[in-house]
Amino acid sequence: MNITLEKITLEGMNELDRDFQRDPATFADMSLFSAYRYSPEETRKRFERYGAPDRRHFLIRLDGRPVGETGIKHIDWEKREGELSIHLQNDAVKNRGIGTAAERLLLAYAFDELDSPVVSAGHELTNQRSRRVFKKLGFTCEG
């Protein structure tokens with residue numbers, strides 16, 4: 001299993017989004033949940049937001065194909081701090097260690113390339129999968 005991060009591109013995001021499925025476990029308020037419908041226009045809009053100065057986003061590739069996206073958002077360049085973000089494509093790539101491996105690569109980037117002394121990781125308290133990943137990476141979960 002070869003997991004890599006690569007700078008996010010619009011082409012890569014479109015490839016990822018075609019088979020993306022929203023995970024109900026990521027919604028604290030299920031009234032906000034709806035099935036994901038691929039839209040090249042919505043993917044383009046999200047890609048443009050990812051270019052903001054307070055973000056660094058990457059495609060997660062498994063053996064060369066995109067299976068998720070991860071990044072650091074809300075970067076405070078003065079404090080050199082940011083918050084991790086990750087979305088895996090669908091259930092076929094979850095519970096296989098892919099997210100944990102990708103987040104390890106992202107943390108190395110944050111500490112080594114961005115010289116960040118602190119990285120936080122927010123998640124919905126109901127998302128047990130995220131809680132397990134963050135605990136494996138050494139984060140402490142509150143709540």
Side-chain angles (χ1 to χ4, degrees), residues 1-36 38-39 42-143:
M1 182 164 69
N2 182 28
I3 298 166
T4 59
L5 299 184
E6 105 182 1
K7 186 174 179 180
I8 205 154
T9 64
L10 181 56
E11 179 182 330
M13 279 185 71
N14 275 295
E15 188 179 354
L16 173 72
D17 285 1
R18 284 185 197 101
D19 292 321
F20 186 81
Q21 295 173 351
R22 277 198 185 111
D23 185 345
T26 63
F27 287 79
D29 180 352
M30 284 304 294
S31 70
L32 300 175
F33 177 79
S34 63
Y36 176 79
Y38 171 66
S39 161
E42 291 302 313
T43 296
R44 184 190 58 74
K45 287 178 186 176
R46 198 170 83 253
F47 174 74
E48 289 171 358
R49 285 193 307 271
Y50 283 4
D54 69 335
R55 294 174 172 262
R56 295 292 183 271
H57 285 272
F58 302 89
L59 282 176
I60 303 167
R61 290 198 177 267
L62 171 64
D63 299 326
R65 81 177 171 88
V67 296
E69 62 178 271
T70 188
I72 303 171
K73 59 186 181 180
H74 311 303
I75 299 171
D76 181 325
W77 291 106
E78 283 186 29
K79 294 180 181 177
R80 297 183 342 264
E81 297 176 0
E83 180 182 337
L84 297 182
S85 172
I86 185 168
H87 297 97
L88 293 179
Q89 187 175 46
N90 54 46
D91 287 345
V93 296
K94 294 178 182 173
N95 297 316
R96 296 176 51 196
I98 296 166
T100 302
E103 293 299 69
R104 280 194 177 108
L105 292 170
L106 186 65
L107 285 170
Y109 169 80
F111 295 133
D112 299 340
E113 301 295 321
L114 298 181
D115 194 29
S116 294
V118 175
V119 178
S120 64
H123 63 86
E124 294 298 333
L125 293 176
T126 58
N127 188 341
Q128 295 302 314
R129 187 179 299 116
S130 285
R131 291 174 71 95
R132 281 192 308 273
V133 168
F134 292 138
K135 283 182 180 179
K136 282 192 247 181
L137 296 171
F139 287 86
T140 55
C141 295
E142 299 174 8

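Between His57 and Tyr50, the ring planes are parallel. Angles under 30° get that label, and only those over 60° would be called perpendicular.
A distance of 9.5 Å separates OG1 of Thr100 from CG of Asn95, quoted to the nearest 0.5 Å. Taken to the nearest 0.5 Å, the CZ atom of Arg49 stands 8.5 Å off from the NZ atom of Lys45. How far OH of Tyr36 is from CD of Gln89: 10.0 Å, rounded to the nearest 0.5 Å. To the nearest 0.5 Å, atoms CH2 (Trp77) and CG (Leu114) are separated by 4.5 Å. For the atom pair OG1 of Thr9 and CD of Glu15, the computed distance is 8.5 Å after rounding to the nearest 0.5 Å. One distance of note links CD1 of Ile98 with CD of Glu103; it measures 12.5 Å at 0.5 Å rounding.
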Carefully, step by step, assess Leu62 and Met1 under the rule side-chain contact (heavy atoms from CB on, under 4.5 Å).
CA-CA 7 Å; Leu62 171 64; Met1 182 164 69; 3.2 Å; yes
Take Asn14 and Arg18, measure what side-chain contact (heavy atoms from CB on, under 4.5 Å) needs, and give me the verdict at the end.
CA-CA 6 Å; Asn14 275 295; Arg18 284 185 197 101; 3.9 Å; yes
Please report the C-alpha distance between Ile8 and Arg56 in whole Å, then the side-chain angles of each, then the deciding distance to 0.1 Å, and finally whether the side-chain contact (heavy atoms from CB on, under 4.5 Å) criterion is met.
CA-CA 9 Å; Ile8 205 154; Arg56 295 292 183 271; over 6 Å; no
Should Arg22 and Phe20 be marked as a side-chain contact (heavy atoms from CB on, under 4.5 Å) after you check the CA-CA gap, both sets of side-chain angles, and the distance that decides it?
CA-CA 7 Å; Arg22 277 198 185 111; Phe20 186 81; 4.1 Å; yes
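Side-chain N or O atoms of Arg55 include none that pairs as donor or acceptor with a backbone N or O of Ile72 at under 3.5 Å. Using modelled atom types, no side-chain atom of Ser116 and backbone atom of Val119 make a donor-acceptor pair closer than 3.5 Å. Checked by atom type and distance alone, the side chain of Glu69 never pairs as donor or acceptor with a backbone atom of Leu59 at under 3.5 Å. Put simply, the side chain of Ser85 never gets that close to the backbone of Thr70: no donor and acceptor are under 3.5 Å apart. Side chain of Arg80 to main chain of Asp115: a donor-acceptor pair is present (N/O by atom type, distance under 3.5 Å, no hydrogens or angles). The backbone N or O of Asp19 lies less than 3.5 Å from a partner atom in the side chain of Asn90, making a donor-acceptor pair. Side-chain atoms of Asp17 never come within 3.5 Å of backbone atoms of Tyr38 as a donor-acceptor pair (strictly under, hydrogens ignored).
Heavy atoms from other residues, nucleotides or ligands lying under 6.0 Å from CD of Glu11 number 12 at most.
The shortest heavy-atom contact between Leu10 and Phe47 is N-CE1, 3.4 Å. Contact record, Lys136 with Arg104: O-NH2, 4.0 Å, taken as the closest heavy-atom pair. For Ala102 against Leu5, the heavy-atom pair with the smallest separation is O-CD1, 3.9 Å.
Contact check for Glu6 versus Arg61: side-chain heavy atoms found under the 4.5 Å cut-off. Residues Asp23 and Lys94 are in side-chain contact: their nearest non-hydrogen atoms beyond the backbone lie under 4.5 Å apart. Looking at Ile3 and Val67, their side chains never come closer than 4.5 Å, going by heavy atoms from C-beta outward.
Using a cutoff of 4.0 Å between basic side-chain nitrogens and carboxylate oxygens, Glu42 and Arg46 are not scored as salt-bridged.
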